[in-house]
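For this chain, numbers begin at 1 and follow the sequence in order. Given the structure is predicted, the values throughout are model-derived calculations rather than measurements.
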Amino acid sequence: MSGTCPGLQPPADAVKPVRHPDAPAPGEPLGAHYGQCFGCGGDQPHGLHLGARAGEGVSITAEFTVRPAHQGAPGLAHGGVLATALDETLGSLNWLLRTIAVTGRLETDFLRPVPVDTTLYLEAEVTAVAGRKIYSTATGRIGGPDGPVAVRADALFIEVKVEHFVNHGREEEIRAAMDDPDQLRRARAFEVNP
C-alpha cells in the first residue's frame, strides 16, 4: 500500500484476510454483481463491462477495454472512468470474503495515459481486515499482466448490512433485485459501492 493516506493504513490489530470457503475457485469468472452496474453490468450500453476472475487467496484479476464513450481528453480514457474501474475491481474482492461492503475511501494514482481501444488489466487483493474495515490495493496495467502500470489505488471498504441499500436506493430497483428468483444474483446485487 502507498501509506500516504492515514485512513488507508491498517491498524496494528488488523488481521490477514481469509477467503470464504464458498468463494469462487481461482480462475472462475465472478460475473456481474448487478446488470445495471456501470462498472460490470451487461445492461449498461456505455458501461465498462469489466470482467473479473477469482485469483489465489483474496485476490482477483479483471479487464476492461476503453471505448470512445469512456474518453476524457481526445483519444484517452477519462480519469474518472479509470478510478471507476479500480473501484469496481477492488469492490469485487468482497465477493471472495462473502461480505457486503461499500467504498469508504479510494486513493488513486494516475501514472500514464490510457488510450481509447486499450485493454486495461487489473489485479487487486485484500491486504488486511480490522473489524468492519477491509483494506485493499489494486494495479492497472496497459495491455496485459506484464504491461506498464498506468493506474493504481488503495482502498478502504466498510462492511454494511443489506439495509444500507434498501434505505438509500431507489425503491423500484431495490424491489427488482430483491425479487430476483436467482438467489446468487440477488445476494450479489448488493455487494459493492455506496
Side-chain angles (χ1 to χ4, degrees), residues 1-19 30 33-34 37-40 47-66 70-73 76-97 99-115 118-160 164-165 168 190-194:
M1 292 181 43
S2 69
T4 59
C5 181
L8 293 176
Q9 198 70 279
D13 63 346
V15 297
K16 183 177 178 178
V18 177
R19 182 189 190 103
L30 299 184
H33 76 271
Y34 179 57
C37 176
F38 181 79
C40 66
L48 303 185
H49 301 174
L50 186 134
R53 291 187 177 277
E56 298 292 331
V58 188
S59 72
I60 66 168
T61 59
E63 292 184 11
F64 93 97
T65 301
V66 178
H70 304 143
Q71 63 190 313
L76 297 174
H78 189 288
V81 168
L82 298 175
T84 300
L86 288 161
D87 185 45
E88 184 69 30
T89 302
L90 290 157
S92 295
L93 287 164
N94 297 314
W95 188 237
L96 301 180
L97 300 172
T99 299
I100 299 172
V102 296
T103 310
R105 184 173 218 147
L106 179 69
E107 181 179 306
T108 306
D109 296 317
F110 300 94
L111 305 172
R112 68 178 58 225
V114 180
T118 296
T119 297
L120 193 66
Y121 179 86
L122 299 125
E123 296 177 311
E125 68 174 328
V126 176
T127 57
V129 176
R132 294 177 46 228
K133 296 180 177 181
I134 302 164
Y135 297 85
S136 54
T137 189
T139 303
R141 296 176 178 272
I142 294 175
D146 298 321
V149 175
V151 292
R152 64 178 174 229
D154 292 324
L156 168 64
F157 281 79
I158 308 296
E159 182 179 353
V160 297
H164 169 86
F165 300 95
H168 300 287
F190 302 101
E191 77 177 2
V192 295
N193 297 330

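- Expressed to the nearest 0.5 Å, how far CD of Glu123 lies from CZ of Arg53 amounts to 14.0 Å.
- Once rounded to the nearest 0.5 Å, the distance linking CD1 of Ile142 with OH of Tyr121 reads 15.0 Å.
- Nearest heavy-atom pair across Ser92 and Ile60 is CB-CD1, 3.6 Å.
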Begin from the C-alpha positions of Leu82 and Leu120 and carry the test side chain to side chain contact (heavy atoms under 4.5 Å, CB included) through to its verdict.
CA-CA 9 Å; Leu82 298 175; Leu120 193 66; 3.9 Å; yes
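- Closest of all the heavy-atom pairs between Leu111 and Arg152 is CD1-NH1, 3.6 Å.
- Looking at residues two or more places apart in sequence or on another chain, you find a side chain to side chain contact (heavy atoms under 4.5 Å, CB included) between His70 and Leu48, Phe64, Val66, Arg67, Val81.
- Atom OG1 of Thr89 sits about 13.5 Å away from atom CD of Glu125, to the nearest 0.5 Å.
- A side-chain N or O of Thr119 and one of Thr65 form a donor-acceptor pair less than 3.5 Å apart.
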Could you walk me through whether Ile134 and Thr99 pass side chain to side chain contact (heavy atoms under 4.5 Å, CB included), step by step?
CA-CA 10 Å; Ile134 302 164; Thr99 299; 3.9 Å; yes
Kindly determine whether Leu122 and Thr61 satisfy side chain to side chain contact (heavy atoms under 4.5 Å, CB included), including the steps that lead there.
CA-CA 5 Å; Leu122 299 125; Thr61 59; over 6 Å; no
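- Thr103 and Asp87 are linked by a side-chain donor-acceptor pair at a separation below 3.5 angstrom, with hydrogens and angles left out of the test.
- Residue Asp154 forms a side chain to side chain contact (heavy atoms under 4.5 Å, CB included) with just one option from Leu86, Thr137, Asp109, Leu90, and that option is Thr137.
- What you find for Pro17 and Thr127 is that their closest heavy atoms are CD-O, 3.7 Å.
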Let's go through Leu97 and Arg19 carefully: what are the C-alpha distance in whole Å and the side-chain angles of both, what is the deciding distance for side chain to side chain contact (heavy atoms under 4.5 Å, CB included) to 0.1 Å, and is it a yes or a no?
CA-CA 5 Å; Leu97 300 172; Arg19 182 189 190 103; 6.0 Å; no
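- Side-chain N or O atoms of Arg132 include none that pairs as donor or acceptor with a backbone N or O of Val160 at under 3.5 Å.
- The shortest heavy-atom contact between Asn94 and Ala101 is ND2-CB, 3.6 Å.
- Contact detail for Leu8 and Pro10: the closest heavy-atom pair is O-CD, 3.5 Å.
- Contact annotation: the side chain of Glu63 never approaches that of Leu50 to less than 4.5 Å [non-hydrogen atoms, C-beta and beyond].
- Taking Pro11 as the reference, Asp13, Ala14, Ala130, Tyr135 meet the side chain to side chain contact (heavy atoms under 4.5 Å, CB included) condition, with sequence neighbours excluded.
- Between the side chain of Arg141 and the main chain of Gly147, a donor-acceptor pair closer than 3.5 Å is present.
- The two residues Thr108 and Leu106 come nearest to each other via the heavy atoms OG1-CG, 3.7 Å.
- Interatomic distance, Leu156 CG to Ser136 OG, rounded to the nearest 0.5 Å: 8.0 Å.
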